[in-house]
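As a basis for the values below, the full set of heavy atoms in this structure was taken, side chains included, without hydrogen atoms, waters or symmetry mates. Just so you know, ligand 1 is whichever comes first in the structure, and atom 1 is the first atom listed for that ligand. Nothing fancy with the numbering, it's 1 onward along the sequence.
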Amino acid sequence: MRTTIRDIAAMKRRGKRIAMITAYDYTSARIVENAGVDIILVGDSLGQVVLGYDSTVPVTMNDMLHHIKSVVRGTDKVHIVGDLPFMSYQASRSDAIRNAGRILKEGGAQSVKLEGGRHVTKTMRRIIQAGIPVMAHIGLTPQAVNQLGGYRIQGRTTRAAVELIEDAKAVEDAGAYSIVLEGVPSQLAQLVTERLSIPTIGIGAGVHCDGQVQVFHDMMGLYTDFTPKHARKYAHLAELMKDAVSEYIEDVRNLSFPSEDESFTLSPEVLAELAGEPKIATQNER
Ligand code: KIV
């Protein structure tokens, strides 16, 4: 049985911090699950770190489903959250329910995440009423990058902070089982965390949240176009991988790859026949 939303709620009550990481494919999902992470988010950040777009805006439902399915195939214990991509829930509530349903029914995830506060609570309620758990996401909401005018820290003025707290309360009232706080000053994230009974999961929101989420490619040092201030590199895989590929190229060119151990051989009999040597009679021919 995979980790459920009840298990996640219990972690806040017990004061156990929640570790969430994004993953987008079978192999990395297996690694992340084996390391013991609580939740995998198949985030629409795959638009940048896997598909090479400059934002999450172009990501489609088909992109999301393709990646969610591979993460599901690579895991069997961890809770999987699938992101609803831009314009899969904004245009109408029926779109929202249908697309959220596809993430569970076709993708195999256990819950969905969508961005927004008070203005999405009606949609959120309808999705939850359909039996689909929702993780909310407020603060810096990357799908609204064009509206926000860039990837800016949110809630810095008194008015913006009060609005962010209202957004957080509204999504909790709407039934969200947890909430991502992205790009929010740590003191504000602490206030929200203390005032909500659902777990807060921070990214660029300081240490006082009930849990943290990081983008796999940022923490592994795989995505080198840009490193956000909030990201800590736990490995430098891009450099390691580049060195490994350079070594391979060198080995191919100087004939040290493949070795005898990495090759397959013909039997001496077959080799002799191919070379036009007298045929060696087999047992049946004698
Ligand atoms: O898509 C994503 O990876 C996210 C995280 C940044 C929370 O939404």
Side-chain angles (χ1 to χ4, degrees), residues 8 17-25 28-29 32 37-61 63-68 70-71 78-90 99-100 103 107 109 111-117 120 124 133-145 148 150-154 164 167-168 171 176-184 189 192-193 198-206 209-220 222-223 225-233:
I8 295 162
R17 291 292 210 257
I18 299 162
M20 173 159 111
I21 302 177
T22 68
Y24 315 100
D25 63 63
S28 59
V32 162
V37 77
D38 302 301
I39 306 176
I40 289 181
L41 167 65
V42 188
D44 59 357
S45 50
L46 67 85
Q48 284 130 309
V49 301
V50 178
L51 302 178
Y53 296 128
D54 64 0
S55 77
T56 58
V57 170
V59 176
T60 64
M61 272 300 295
D63 293 333
M64 290 309 304
L65 288 170
H66 176 80
H67 288 275
I68 292 167
S70 69
V71 167
V78 70
H79 184 96
I80 294 171
V81 184
D83 249 344
L84 278 167
F86 183 56
M87 291 319 293
S88 68
Y89 58 96
Q90 288 92 339
N99 286 322
I103 298 230
S111 63
V112 301
K113 177 167 78 59
L114 61 93
E115 296 182 7
V120 294
M124 215 173 249
V134 173
M135 177 179 278
H137 182 163
I138 64 168
L140 197 178
T141 46
Q143 290 175 12
V145 61
L148 298 174
Y151 297 100
R152 298 165 186 282
I153 301 303
Q154 302 294 302
L164 191 131
D167 279 339
V171 297
Y177 75 89
S178 69
I179 178 169
V180 168
L181 302 178
E182 178 166 359
V184 172
V192 172
T193 302
I198 57 171
T200 59
I201 302 182
I203 175 161
C209 298
D210 298 304
Q212 298 292 328
V213 55
Q214 284 286 289
V215 169
F216 181 84
H217 290 58
D218 290 339
M219 52 183 295
M220 296 301 161
L222 267 174
Y223 183 72
D225 292 8
F226 169 71
T227 307
K229 173 174 153 65
H230 63 70
R232 183 180 296 176
K233 283 192 184 166

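With sequence neighbours excluded, no residue forms a side-chain hydrogen bond (donor to acceptor under 3.5 Å, both in side chains) with S88. The side-chain hydrogen bond (donor to acceptor under 3.5 Å, both in side chains) search around S45 returns Y24, not counting sequence neighbours. Listed by chain and number, the residues in a ring pair (Phe, Tyr, Trp, His ring centres under 6.0 Å) with H67 amount to none (sequence neighbours excluded).
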Go through it in stages, so that I can follow the logic: the residues are Y151 and V145, the test is side chain to side chain contact (heavy atoms under 4.5 Å, CB included), and I'd like the CA-CA distance, side-chain angles, deciding distance and then a yes or no. CA-CA 6 Å; Y151 297 100; V145 61; 3.6 Å; yes
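P199 pairs in a side chain to side chain contact (heavy atoms under 4.5 Å, CB included) with only one of the listed residues (I39, I179, D210), which is D210.
In terms of modelled atom types and a separation under 3.5 Å, the side chain of Q143 and the main chain of L84 share a donor-acceptor contact.
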Using a 3.5 Å cut-off on N/O to N/O, what pairs does ligand 1 make with the protein? A line per pair would be great.
unit_1   : atom_1 : unit_2 : atom_2 : d
ligand 1 : 1 (O)  : D44    : N      : 3.1
ligand 1 : 1 (O)  : D44    : OD1    : 3.0
ligand 1 : 1 (O)  : S45    : N      : 3.0
ligand 1 : 1 (O)  : S45    : OG     : 3.3
ligand 1 : 1 (O)  : D83    : OD2    : 3.1
ligand 1 : 3 (O)  : S45    : OG     : 2.5
ligand 1 : 8 (O)  : K113   : NZ     : 2.8

